[in-house]
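Labels below follow one simple rule: chain letters A, B, ... track the order of the sequence lines, proteins then strands, and each chain is numbered from 1. The figures that follow rest on heavy atoms only: side chains count, while hydrogens, waters and symmetry mates do not.
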Number of protein chains: 2
Amino acid sequence: MATIKDVAQRAGVSPSTASRALHGSKIISQPTREKVVKAARALNYAPDFNAQNLATKASNTIGVVLPVDHHEIFSNPFFLEMIRGINEVCSQNGSMTTLATGISSDELVHNIDVMIAQGHIRNFILLYSEKNDPVVERLNQFDVHYVVIGKPYHDVNRISYVDNDNVQAGTDAAQYLLDHGHRRICFLCSDLSKMVQGDRMLGYQRVMMQHQLPNIILSERFESHETGVQALHKFFKNYPDVTAFVAVDDMMALKLQQVLHNDAEWKVKQFSLIGFNNSIFSELAHPTLTSIAVFPQRLGEEAAKIAIADRPKDELSTAVIVPHQIIKRHSVHQVKKLL
Amino acid sequence: MATIKDVAQRAGVSPSTASRALHGSKIISQPTREKVVKAARALNYAPDFNAQNLATKASNTIGVVLPVDHHEIFSNPFFLEMIRGINEVCSQNGSMTTLATGISSDELVHNIDVMIAQGHIRNFILLYSEKNDPVVERLNQFDVHYVVIGKPYHDVNRISYVDNDNVQAGTDAAQYLLDHGHRRICFLCSDLSKMVQGDRMLGYQRVMMQHQLPNIILSERFESHETGVQALHKFFKNYPDVTAFVAVDDMMALKLQQVLHNDAEWKVKQFSLIGFNNSIFSELAHPTLTSIAVFPQRLGEEAAKIAIADRPKDELSTAVIVPHQIIKRHSVHQVKKLL
DNA sequence: ACACTTTTTGCAAGCGATTGCATAAATTTG
DNA sequence: CAAATTTATGCAATCGCTTGCAAAAAGTGT
């Protein structure tokens, strides 16, 4: 493996000159620069990551933080697609990525601690955003940058983030159902401490209010089939005339569909259903699921771009909104007008 | 951030002594060791990754290689679960992980090149195994260790790997269908160059031969609904009496189910179906999918353990087989005996 | 108590890069 | 043409840690 000394020697200059030449320093003359570059190329020189980082106290590595393992999260391909996007732009920019995961928030925070302490990692991307997240509290204690995917809970103007316009997306979903004649529409979620769920709900509520229709919220995790069935029985007792659901993501939509399908009475009612994320689930469902696509890979890419750009001292935060798009499939039915 | 000098000073010894004490070197006396450890703890000392790696020419980082992005791969939660397992044991052992992805095998190989050249990464885990993989060819050219998840294509005895007994799993799946009275069973796959698919097929073929039943293989990617329908029409023309399918994984099973469900004639036939991986898909399908669980997280954990253990010079390879388990749900029906 | 082991420690030289500062070369100027 | 600048290079220290080797301390035997 060639070192910078080898390059310098071959180019007939000193290591310091070689280093400067390769970094495009302005004080190196054109001819020497060319010599050095040629030598480097000939030797297939690649700077040693560790040495470089040690000398510069940088790290060229961004830490990608997954949410605390609630098990269901790791069966959600959404995250992998974001990671893919992140990795794509990172490898194009000579950065590396490393993952932080944890089975509890303590463990996760600890893992992040060591990344910061030993690894000199100074840039993070959080793949999620939720209220009172111990991880961001910790990150705030250090002199590190981070960008979150999703809307930050606090300090929206001081934290860089990339997100969809989830409020609008929620509105669009509900509006789509309204357009199909539905009037009693339920918003189904699992955990409102996740910002994304809260925002989508807000959007839903917005249209519903506008049309002076009731907000009907169902928060249910479908831990098991039985609990799901139970919850729905109770739900329909209270809201017998609901005809459609906005589910906070495709997985929730499918879980709902699952229990609806398994009950003869419910099944025949043909509830309408709309999900979010346009994940593979939506294509595989039966009927195929109408869903709002949010382009996770794109989210990842944008987040990585922000994370990589050395932010100047003045600490301006960046916000990127990536557009969403409704993908129409077969889970939404037109309500026949009775009048 | 405390350095080893600080620790040494506080403990009243030299840095070298401190270093050795912290590494449990045998030549340090008990009292000094304790002094050093106490000082380190008091200062909250954590060794600098870069400096350590530079000095030892190690890297404490393992590269996790994802398969080339065929898009569908990134919608498969399977990988994320393996990563989760890997990360878990790595962070417990003070190792980091970094991901290698690529949109083409050239790009992927390139990314691995830079990891090796600049990053001094000497340990990799491949999350897949396929025939004639350019990635392993490249890895073989360097002095690096790697463990593959899945059965290696070449040199099975020289390469460390962790895998399920996929042949047996294939057998179990087919046998389960046989036990339910099926006699014309199709094996559905998408890409036989993946070792995992080949193995499962082998297992299927083994039982079928044993019972002197025909091997019926359908290789179809279901790129679109239309191509799927077309392929199945052709298929049923040739094999009209097939009553059950062993799908090479849950996703394939669901894609099949999807097109079967959408055709009135096929739908009524109630084909039996069994998948692999026991992914979230199988619970969300309707009917719920009987599937063979393979515990991807466990696969990841085992792989990481192997990758972390410094292998001695003699280069003994390790193979770990993690057991599988059939998870019975509702996609397999008993065939009524006509005799 | 002395010479001889054996056990503990510390010195100093790396690892491969970057960078402030001094020096050498090139250029300009009076 | 010598002096004063300006521009280009190289020296050497540094980042934080490890490790071979020599030196110091402690222990042994006679």
Would you please name every residue forming a side chain to side chain donor-acceptor pair (under 3.5 Å) with A:Asp163, sequence neighbours left out?
-> A:Asn166
Earliest and latest nucleotide of DNA chain C, 5' to 3', sitting under 4.0 Å from a non-hydrogen atom of chain B?
-> C:dT8 to C:dG16
Under the side-chain contact (heavy atoms from CB on, under 4.5 Å) criterion, do A:Ile321 and A:Val162 qualify, and how do the steps go?
-> CA-CA 6 Å; A:Ile321 302 296; A:Val162 3; over 6 Å; no
Salt bridge (charged side-chain N to carboxylate O under 4.0 Å, His left out) pairs touching residues 119-133 of chain B, sequence neighbours excluded, are B:Glu130-B:Lys194
With axes from five pairs an end, tell me the bend angle of the helix from C:dA1-D:dT30 to C:dG30-D:dC1, nearest 10°.
-> 50°
Tell me the salt bridge (charged side-chain N to carboxylate O under 4.0 Å, His left out) pairs involving residues 33-56 of chain B, sequence neighbours left out?
-> none
Which residue pairs satisfy the salt bridge (charged side-chain N to carboxylate O under 4.0 Å, His left out) criterion with at least one member in residues 3-26 of chain A, sequence neighbours excluded?
-> none
Output every pair passing side chain to side chain donor-acceptor pair (under 3.5 Å) with a member in residues 73-84 of chain A, not counting sequence neighbours, ordered by first then second residue.
-> A:Arg84-A:Glu88, A:Arg84-B:Asp69
For nucleotides 15-22 of chain D, 5' to 3', base contacts (B), sugar-phosphate-only contacts (S) and non-contacts (-) with protein non-hydrogen atoms under 4.0 Å give BBBSBB--
With sequence neighbours left out, the residues meeting side chain to side chain donor-acceptor pair (under 3.5 Å) with B:Thr56 are none
Of all residues at least two apart in sequence or in a different chain, which pass the salt bridge (Lys or Arg N to Asp or Glu O under 4.0 Å) check with B:Arg138?
-> B:Asp113
Residues that A:Thr17 engages under side chain to side chain donor-acceptor pair (under 3.5 Å), provided they are two or more places apart | A:Ser14
Residue pairs meeting side chain to side chain donor-acceptor pair (under 3.5 Å), one or both in residues 93-109 of chain B, sequence neighbours left out, come to A:Asn87-B:Thr101, B:Asn87-B:Thr97
